[in-house]
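All values below come from the heavy atoms of this structure, side chains included, with hydrogens, waters and symmetry mates left out.
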Amino acid sequence: MSRYIATRAIRGANTVVAEAEALLKAAIADLGPDTPVAFTNTAYFLPVNLAFMGRQIAKLSDMVPALEDAKRLLHPVPPENMWVPYLGETMDSGMATLLAEEIIEGIRFARGQEPQPITWDGTYIPTANFVTSDPMAKAGKRMNGPIDDIQLRAWGIQLVDGRMPGFAALIGCAKSTEVAVQIVRELQQRSILVFLSGSVNGRSIIHQLMEAGVEMGYDTYIIPFGTDTMATIYPLGFAARSALTFGGLKPGMPREILQYNRARVFAFAIALGEVDDLKYATAAGAINYGFPVVADTVIPQILPTGITPYEHVISMPFDDIEGKDDIERARKLVQRAIEVRGVKIKVTEVPIPVPYGSAFEGERVRKSDMRVEFGGKSSRCFEYLRMAPFDSIEDGKITVVGPDFDQIPPEGFMDMGIVVEVAGRKMQEDFEPVLERQIHYFVNGASGIQHIGQRDITWIRISKAAADKGFKLEHFGKILYARFHADFGAIVDKVQVTIYTDKAKMEEWLAKARQAYTHRNERLAGMTDDSVEEFFSCTLCQSFAPNHVCVISPERLGLCGAYNWLDCKASNQINPTGPNQPIKKGTCIDANFGVFEGVNSFVQQASHQAVQDVSMYSIMNNPMTACGCFECIAMVIPEANGVMVVSREDPSMTPAGMTFSTLAGVAGGGLQTAGVMGHGKYYLTSRKYLSSDGGFKRVVWMSSFLKESMKEEFKAVAEREGDPNLIEKIADERVATSVEQLLPFLEEKAHPALTMPPLF
Amino acid sequence: MTPAVQIPIEKWTGKVREITLGATAADGGTRAKTVTVGGENTLPFLSFEGSIPHSPAVALEIQDHYPNDWSPLLKEYWGDLLRDPAAWARKAEEVGADIIVLKLISAHPEGDNTDAAHAAATVKAVLGATGLPLVVLGPGQADKDNEVLVAVAEAAKGERLALGNCEDKNYRTVVAAALAHGHLVVAKTPIDVNLAKQLNILITDMRLDLDRVLMDPTTGALGYGLEYSYSVMERLRIAALTGDSMTQQPLICTVGEEAWRAKESKVNTGVPAAWGDWKKRGIHWEVLTASTQLLAGANIVVLRHPDSVARIKQTIASLMAE
Ligand code: SF4
């Protein structure tokens with residue numbers, strides 16, 4: 001905690017509480033103790049005092065004990081030579097400040113001085129009238145005053161349900177009118193409510209906006225509360241009322257109400273211009289709510305995260321912000337404030353000239369219908385998603401480097417690279433491939449666009465119809481920006497897309513991408529079950545196999561092939577209550593079979609006690625259950641002392657005397673059957689494949705589909721197993737559909753399983 | 001001599017949450033009576049094994065727009081009442097419903113696309129016409145649900161309506177509206193135990209107490225997925241009784257909607273003569289669907305035909321008898 005800030009906030013609090021006391025005394029003397037006090041059009045009395053202290057202030061005399069609450073929270077200004085972490089004192093002072101400020105506003109209401117009159121050459125027409133005859137409002141000669149309950153309900157529910165991202169309190173006066181307007185526009189664009197208060201040397205952002213002719217009011221999401229710092233109490237009262245209304249909270253529950261705001265109301269303050277004691281004190285009050293403060297002047301920062309989810313106080317001296325002009329600096333200031341508070345931007349529509357939706361995902365673009373293609377036989381195309389440092393990218397920036405395709409003849413081709421850079425507080429490098437794979441689905445959602453492949457074998461076609469409707473390269477960026485925010489907003493805060501068609505640039509990035517692919521492959525290969533503390537569950541299939549749990553480890557993917565360990569990890573970040581839960585491995589009970597205490601207890605609970613023990617690496621001893629989605633079924637062939645693996649694509653008879661579909665009935669349903677197991681194709685290539693039963697060498701028969709479609713992978717496995725000809729020794733449906741045919745084949749090829757220790 | 005048969009008794013550790021729909025004047029509402037469901041600590045109707053403090057309730061469904069797609073049998077019975085939700089509700093109360101389920105279909109963007117004020121006015125009118133507790137369902141399109149349910153919640157503050165459907169896509173808004181105005185929600189998930197649990201967790205995260213949440217597990221009609229929904233309901237209920245807190249919500253099933261959609265009940269053209277009397281068949285369809293779901297654990301069955309109400313009430317009464 002900055003001692004400087006603490007000192008000034010504590011001093012500010014002492015001053016404002018004393019001021020409130022003096023004003024109250026005078027008001028009681030002038031008007032009498034029973035004079036009613038009310039913020040108009042609200043049933044929440046003075047909401048901050050109500051929410052945090054449970055006090056229903058209805059007349060001047062009710063303020064006397066309320067002021068005592070504030071006084072109890074005051075602390076002496078720390079002496080010069082004392083160095084303690086003043087956080088607690090500062091937070092208390094902040095709260096005292098808010099209570100006192102609200103009392104002062106209440107007194108002004110009682111005296112008819114609130115809402116603040118507009119005494120200068122400007123107008124504001126409030127949306128709501130306070131009393132039936134509200135001549136000042138009609139003449140446009142008063143500020144807004146507190147937000148009425150009707151509007152509170154309309155906005156509050158949207159803040160709580162996430163339709164509205166949050167609110168920004170702008171306090172003080174911007175560098176120039178131009179900057180003031182830009183800041184407000186930036187916020188408006190993102191549907192963030194803008195609450196205005198405060199001034200510097202008598203000039204307020206409210207003056208600035210009025211001069212610029214910015215329309216204010218409920219409809220434009222810009223509310224001027226008052227030209228002094230005190231008026232900031234209205235937005236904070238609004239936040240307290242939201243919690244009371246929509247959070248199921250009761251007055252007098254300060255902790256819960258503050259926590260609720262911290263967790264659900266994405267608000268922040270921007271202090272524009274010089275920060276005086278009262279502003280420090282008020283800011284301390286806002287920090288209580290978990291609302292961070294960004295100042296455009298030099299002030300000490302409070303970076304450690306604690307009360308606010310992120311930084312508490314950030315200093316961004318306006319003229320030092322990097323940018324070509326003040327407009328850009330204003331943009332960056334707002335961007336930073338949004339990041340600090342973690343306000344999530346919602347993108348609901350994909351702004352492209354062709355229809356968009358998952359219905360178009362399967363669409364094919366035939367050569368004759370094609371306007372242009374990227375990748376395939378004649379050109380190169382790649383896509384690469386990487387995590388970038390937070391400040392190095394700009395959210396929503398889409399750039400096309402090089403020519404668009406308008407110069408390419410119809411049915412022609414060109415090189416292209418799509419580079420997506422993302423940043424987010426919860427983003428991890430490990431999620432890069434998970435997100436990158438989504439590009440396929442996202443791009444395919446556009447009508448008239450076909451996307452095949454990934455990485456540097458991406459192949460994209462744009463149909464003539466789509467091009468005619470105005471589809472351009474930048475639209476890939478628009479799609480990706482919108483979808484990454486919409487679907488992965490939990491881990492991604494910023495998305496920037498660059499599309500390279502410029503030859504040199506494209507090649508430069510292709511090289512970078514290839515380096516990254518290699519790096520990822522190595523990382524994936526190096527990721528072993530032993531190297532992690534957690535596996536993940538998948539219970540998605542419990543909808544039809546109620547007791548089935550997939551346990552997914554780095555070396556064993558889900559049996560449907562759709563989820564590997566990284567996918568689960570990312571999915572858990574996105575949807576923490578969803579079907580992919582972390583499973584702490586816990587004590588290893590048997591390293592050979594792959595039995596872990598944590599896995600067992602998770603499976604017991606998630607299988608509703610149907611399954612007690614699971615071996616990760618064995619088909620003989622408590623194998624993992626299967627739901628029915630398996631890509632392959634492995635089954636022991638006792639006569640051959642090995643296992644056969646049949647894939648879903650293979651309709652033929654197997655040496656087990658059953659086809660895939662008959663076998664599926666035996667393997668599925670969430671039951672453990674020794675000797676039968678469903679699994680994902682890529683599990684076959686894992687070092688842990690049936691490792692306790694002898695590993696891949698046990699495979700004596702395998703559908704030719706697998707052999708063909710995973711040729712390269714199996715070649716590597718054979719090398720690893722020290723038997724380069726291993727795959728040829730494995731029979732398939734072309735040579736054996738019965739045990740009688742299988743055995744001679746194995747004998748002839750001298751399959752290693754024949755000489756391995758007996759399975760039984 | 002009585003045979004010495006030992007009835008096995010299962011000792012469950014959990015129980016279904018007790019939930020009250022509707023509020024009388026004493027509790028800030030205007031209902032003449034309230035309905036409490038849930039509270040049982042045993043499987044349906046096994047009163048020898050545990051306690052079942054409340055009978056399942058029977059609701060009748062009404063809509064705020066003439067239901068063009070309903071079976072002619074239903075149209076014939078209700079007649080012109082179908083054009084007046086208030087009168088329809090009054091009649092539903094007369095024929096023995098415990099609860100009224102009002103579906104605001106006119107708000108559907110592909111239908112009349114009526115607005116929030118219209119929805120609020122309809123609910124007010126229905127509240128005025130009947131003293132029964134009300135379940136109010138939106139048109140089933142997330143944005144429109146949000147729009148009308150928020151207005152309804154506000155207009156009927158304190159009535160302890162059940163607002164629905166609260167789904168994955170729009171639960172935040174519906175829950176916030178319920179929180180703000182003292183209502184319950186109907187949490188609907190597509191036939192899946194885990195999704196049902198998850199939605200309850202998410203609702204709890206928003207601080208709505210679980211004694212204000214009903215679960216609609218999405219159910220099928222006889223011949224149209226009834227077995228599947230039976231098994232999901234059964235699993236939910238067994239999980240509840242074994243102590244899984246997030247599955248202990250009373251179940252509400254939209255029986256009428258499903259049963260009257262079946263070909264067997266909806267139409268009588270081009271069907272084999274062996275199917276017999278159409279009207280009997282239609283009622284059978286609804287009654288069989290409802291009674292099956294009651295056996296699976298339904299706490300509220302929502303019906304469409306008054307004849308079914310009478311029969312289901314009778315069934316419940318005999319199953320509840322000691
Ligand atoms: S089969 Fe796939 S989707 Fe189903 S539970 Fe396993 S990993 Fe999840």
Side-chain angles (χ1 to χ4, degrees), chain A residues 43-44 149-164 241-250 253 256-257 259-261 263-265 346 348-349 486 537-549 575-581 604-610 627 670, chain B residues 116 142-143 145-147 149-151 153-155 157 166 168-183 189-212 217-218 228-229 231-232 234-236 238-239 242-244 246-247:
Chain A
Y44 292 93
D149 277 358
I150 296 172
Q151 196 60 34
L152 162 78
R153 285 197 289 268
W155 278 343
I157 198 163
Q158 295 186 52
L159 285 173
V160 171
D161 69 21
R163 276 178 289 167
M164 204 177 248
R241 285 151 69 198
S242 288
L244 293 177
T245 314
F246 298 108
L249 295 162
K250 301 269 164 315
M253 296 170 71
E256 289 79 359
I257 292 170
Q259 267 172 5
Y260 182 87
N261 272 284
R264 301 207 179 268
V265 181
K346 269 204 121 158
T348 42
E349 263 172 49
S537 66
C538 186
T539 49
L540 208 60
C541 288
Q542 287 202 347
S543 53
F544 58 92
N547 298 330
H548 167 66
V549 188
N575 183 1
T577 55
N580 301 118
Q581 295 297 320
Q604 282 160 18
Q605 165 251 320
S607 73
H608 314 103
Q609 309 302 324
C627 42
Chain B
D143 288 341
D145 280 352
N146 290 347
E147 186 188 327
L149 291 174
V150 168
E154 207 174 318
K157 191 174 177 68
C166 192
D168 184 35
K169 280 192 287 302
N170 65 348
Y171 74 92
R172 287 194 184 84
T173 311
V174 181
V175 169
L179 266 169
H181 306 289
H183 301 299
T189 43
I191 336 185
D192 186 292
V193 174
N194 288 333
L195 292 178
K197 275 174 74 167
Q198 195 186 350
L199 184 55
N200 288 338
I201 294 171
L202 294 171
I203 289 173
T204 319
D205 281 352
M206 291 198 67
R207 310 189 56 99
L208 186 68
D209 292 334
L210 281 172
D211 67 0
R212 282 162 69 181
T218 307
Y228 191 24
S229 33
S231 104
V232 168
E234 185 184 35
R235 276 160 50 209
L236 274 167
I238 289 174
T242 44
D244 182 344
M246 288 299 155
T247 56

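When the candidates B/R207, B/H181, B/M206 are compared by the number of heavy-atom contacts under 4.5 Å with chain A, B/R207 comes out ahead. Between chain B and the residues A/G578, A/G247, A/A154, the largest count of heavy-atom pairs under 4.5 Å involves A/G247. Top candidate by heavy-atom pairs under 4.5 Å with chain A, chosen from B/L195, B/I201, B/N194, is B/N194.
With a 4.5 angstrom heavy-atom cutoff, B/Y171 does not touch chain A via any of its atoms. With a threshold of 4.5 angstrom between heavy atoms, A/L249 approaches chain B through side-chain atoms but not through N, CA, C or O. Residue B/D205 touches chain A through both its backbone and its side chain, counting heavy-atom pairs closer than 4.5 Å. With a threshold of 4.5 angstrom between heavy atoms, B/A178 does not approach chain A through any atom at all. Only the side chain of B/L202 comes within contact range of chain A, judged by heavy atoms closer than 4.5 Å. Contacts of B/V150 with chain A are made by side-chain atoms alone, with heavy-atom separations under 4.5 Å and no backbone atom involved.
For the atom pair CG (A/L540) and CG (B/D192), the distance works out to 8.0 Å, reported to the nearest 0.5 Å. Taking CD of A/Q259 as the start and CD1 of A/I257 as the end, the distance is 11.0 Å to the nearest 0.5 Å.
Residue A/F246 is tested with A/D161, A/I157, A/V265 for a side-chain contact (heavy atoms from CB on, under 4.5 Å); the sole match is A/I157.
Counting all heavy atoms, side chain and backbone alike, A/A243 lies closest to A/Y260 at CB-CD2, 3.5 Å.
By the 4.5 Å heavy-atom criterion applied to side chains, A/N575 and B/Q198 are counted as neighbours. Side-chain contact check for B/T218 versus B/S229: every heavy-atom pair is 4.5 Å or farther apart.
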Next on the checklist: Please determine whether side-chain hydrogen bond (donor to acceptor under 3.5 Å, both in side chains) holds for the pair A/T245 and A/Y44, giving the CA-CA distance in whole Å, both sets of side-chain angles, and the decisive distance to 0.1 Å.
Outcome noted: CA-CA 10 Å; A/T245 314; A/Y44 292 93; 2.7 Å; yes
